[in-house]
Amino acid sequence: NSKKAAEVKGVPYVRYERGKTPKNGNAVYLPSYKDAYRYLSKVSGTVFFTTGCKNIGDFEKVRGNNRFIYRILPSVQSIGICAKYNISMRDIVAVLGPFSKEYNKSMLTEYEADYCIMKDSGNPGGTLEKILACNELSVIPIVIGRKEEKGIKNLDIIEKIIRDQHYKISKQNK
């Protein structure tokens with residue numbers, strides 16, 4: 001949508017690319033959600049999800065007798081998705097991050113997690129804090145990778161592009 005909007009408006013499309021989290025500890029790295037569904041269909045225990053609500057329906061298809069705990073944003077939309085898939089209220093944690101390693105440890109301990117599912121959202125997304133929390137508690141972290149992105153990793157460069165574009169537009173409007 002952003003690419004299309006930029007094209008229609010005749011402005012450059014600029015994408016911020018988060019760095020990937022370096023491999024760490026006993027984490028299981030899976031390249032896609034499809035691989036995560038396959039992996040989860042073979043586990044036994046309590047799984048703590050930090051991936052939001054978008055894929056709950058697909059995760060529920062492979063739940064079996066396991067307990068799945070979903071950490072989601074505290075929004076009407078997120079709660080609605082949980083309700084759509086009959087997620088028990090005791091299995092919903094609706095909170096707004098970012099979260100420290102200690103907070104993640106507290107949540108994983110409280111829910112007696114055996115596994116913790118996360119997207120590789122890089123250091124800004126708190127992936128490392130989740131992995132470190134898991135490692136300290138002997139919880140198995142499962143990291144879902146993301147497709148290669150073409151973008152800019154340096155926010156200063158993005159800020160300069162935005163400033164330059166703003167300058168061009170304001171000069172044209174004079």
Side-chain angles (χ1 to χ4, degrees), residues 1-6 15-21 24-147 149 151 155:
N1 287 339
S2 299
K3 281 183 185 179
K4 285 180 185 177
R15 178 185 177 94
Y16 173 66
E17 179 185 348
R18 293 183 191 177
K20 293 188 177 186
T21 305
N24 187 303
N26 66 335
V28 174
Y29 290 86
L30 301 170
S32 68
Y33 275 90
K34 196 174 194 177
D35 293 299
Y37 306 140
R38 240 182 263 123
Y39 183 89
L40 288 173
S41 71
K42 297 175 180 137
V43 303
S44 180
T46 300
V47 183
F48 192 88
F49 290 83
T50 64
T51 54
C53 64
K54 185 177 174 186
N55 298 87
I56 286 176
D58 292 320
F59 284 127
E60 282 297 299
K61 291 176 187 174
V62 299
R63 182 167 51 93
N65 293 322
N66 296 312
R67 182 176 184 200
F68 282 6
I69 311 296
Y70 296 100
R71 186 165 80 189
I72 60 170
L73 291 174
S75 71
V76 172
Q77 178 189 13
S78 297
I79 298 294
I81 290 170
C82 289
K84 177 180 176 180
Y85 293 105
N86 298 312
I87 308 302
S88 169
M89 284 180 28
R90 70 184 189 92
D91 294 335
I92 300 170
V93 180
V95 291
L96 182 62
F99 305 107
S100 67
K101 178 184 75 169
E102 292 305 316
Y103 186 84
N104 281 301
K105 281 176 61 177
S106 175
M107 301 292 298
L108 294 168
T109 300
E110 181 68 28
Y111 288 94
E112 300 176 349
D114 298 299
Y115 302 87
C116 180
I117 304 284
M118 63 197 79
K119 296 180 275 192
D120 185 358
S121 53
N123 286 340
T127 304
L128 186 58
E129 285 82 1
K130 292 175 211 167
I131 292 172
L132 294 174
C134 288
N135 288 345
E136 288 186 21
L137 298 171
S138 298
V139 171
I140 298 171
I142 302 168
V143 182
I144 302 171
R146 56 182 202 272
K147 295 176 186 172
E149 303 169 334
L155 288 174

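Keep in mind that what you see is a predicted model, and the values were worked out from it rather than measured.
- With respect to N104, the side chain to side chain donor-acceptor pair (under 3.5 Å) criterion is satisfied by exactly one of K130, E129, R71: R71.
- In this structure, V139 and P141 approach most closely via the heavy-atom pair O-CD, 3.0 Å.
- At a threshold of 4.0 Å, the pair E136-K101 counts as salt-bridged, since one of the basic side-chain nitrogens sits closer than that to a carboxylate oxygen.
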After noting the C-alpha distance and the side-chain angles of D114 and I140, does the key distance pass the side-chain contact (heavy atoms from CB on, under 4.5 Å) rule?
CA-CA 6 Å; D114 298 299; I140 298 171; over 6 Å; no
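- Annotation for A113 and F48: closest pair CB-CB, 3.9 Å, computed over non-hydrogen atoms.
- Looking only at side-chain heavy atoms (C-beta outward), R63 and V47 stay at 4.5 Å or farther from each other.
- Annotation: the span from N55 atom CG to K61 atom NZ amounts to 10.5 Å, rounded to 0.5 Å.
- Partner of I69 under the side-chain contact (heavy atoms from CB on, under 4.5 Å) criterion, out of I92, I117, L108, V93: V93 alone.
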Verify side-chain contact (heavy atoms from CB on, under 4.5 Å) between D58 and Y33, making sure each step is shown before the conclusion.
CA-CA 9 Å; D58 292 320; Y33 275 90; over 6 Å; no
Begin with the C-alpha distance, continue with both residues' side-chain angles, and end with the deciding distance and a verdict on side-chain contact (heavy atoms from CB on, under 4.5 Å) for I72 and I79.
CA-CA 8 Å; I72 60 170; I79 298 294; 3.8 Å; yes
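- The two residues V95 and F99 come nearest to each other via the heavy atoms CG2-CZ, 3.3 Å.
- The heavy-atom pair separating N66 from S44 by the smallest distance is OD1-CA, 3.1 Å.
- The nearest pair of heavy atoms linking V143 to K119 is CG1-C, 4.5 Å.
- The two residues C134 and C116 have their closest heavy-atom pair at SG-CB, 3.5 Å.
- The closest side-chain heavy-atom distance from C53 to L73 is not below 4.5 Å.
- The ring-ring contact (aromatic ring centres under 6.0 Å, His included) test applied to F49 returns F59, F68, Y70, not counting sequence neighbours.
- Between D35 and S32 there is a side-chain heavy-atom pair separated by less than 4.5 Å.
- A distance of 6.5 Å separates CD1 in I142 from CG in L30, rounded to the nearest 0.5 Å.
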Could you walk me through whether D120 and Y29 pass the side chain to side chain donor-acceptor pair (under 3.5 Å) test, one step at a time?
CA-CA 9 Å; D120 185 358; Y29 290 86; over 6 Å; no
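- The NZ atom of K105 lies 5.5 Å from the CG atom of L137; values are rounded to the nearest 0.5 Å.
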side-chain contact (heavy atoms from CB on, under 4.5 Å) for I87 and E60? Distances and angles first, verdict last.
CA-CA 9 Å; I87 308 302; E60 282 297 299; 3.4 Å; yes
